[in-house]
Amino acid sequence: MGNKLFVGNLSFSMDDVGLEEIFTECGTVQSARVIKDRSSGRSKGFGFVEMGNDDEASDAIEKLNGAERDGRNITVAEAKPKPDRG
DNA sequence: GTTGAGCGTT
């Protein structure tokens, strides 16, 4: 179990700060990033969060997976490794 | 709207 989380089904109005605000209520947020199109800067509707430790990460999954944010039920799960070349 | 980037050449 790692401390890196995948967060899906985000509103397109979500940003890095908003994502951090959601997860800081469940523990220490080391970093939070909403993935955006690298050319247009528009949200891709998902993001990644690194918690302070695996326990906080696990807790955040339990508490925030399926939680409603901005009218959408967000997905929270442990992140899979990045592909070799994005 | 669901698993992340950017540099820059063979």
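Proteins get letters first, then strands, A, B, ... in listed order; numbering begins at 1 in each.
For A:Gly47 and A:Phe12, each mapped to the nucleotide of DNA chain B holding its nearest heavy atom, the one lying further toward the 5' end belongs to A:Phe12. Residue-to-nucleotide proximity on DNA chain B shows that, of A:Ser11 and A:Lys4, the 5′-proximal contact is made by A:Ser11.
For the pair A:Ile35 CD1 and B:dG6 P, the interatomic distance rounds to 10 Å; values are reported in whole Å. The CZ-P distance, from A:Phe46 to B:dG1, rounds to 13 Å in whole Å. Going from atom CG of A:Asn9 over to atom C1' of B:dT3 covers 14 Å, rounded to whole Å. Atom CZ in A:Arg38 sits about 14 Å away from atom P in B:dG4, given to the nearest Å. Rounded to an integer number of Å, the gap from A:Ile61 CD1 to B:dT2 P is 20 Å. With rounding to whole Å, A:Arg69 atom CZ is found 18 Å from B:dT2 atom C1'. Regarding A:Lys36, its NZ atom lies at a distance of 10 Å from the P atom of B:dA5, rounded to whole Å. Summarising the geometry, the separation between CD1 on A:Ile74 and C1' on B:dG1 is reported as 15 Å, rounded to the nearest angstrom.
Judged by centroid separation below 5.5 Å and plane tilt below 30°, A:Phe48 stacks onto the base of B:dG4.
Applying the 4.0 Å criterion to OP1 and OP2 of B:dT2, one finds that A:Arg72 has every side-chain N and O outside that range.
Counting heavy atoms from C-beta outward, A:Met14 and A:Ile22 have side chains that approach closer than 4.5 Å. Counting heavy atoms from C-beta outward, A:Glu50 and A:Leu5 have side chains that stay 4.5 Å or more apart.
Both A:Val76 and A:Val34 belong to a single network of hydrophobic side chains, linked directly or stepwise wherever heavy atoms of I, L, V, M, F, W or Y lie under 4.5 Å apart.
Side-chain atoms of A:Asn65 and A:Thr75 include no donor-acceptor pair closer than 3.5 Å.
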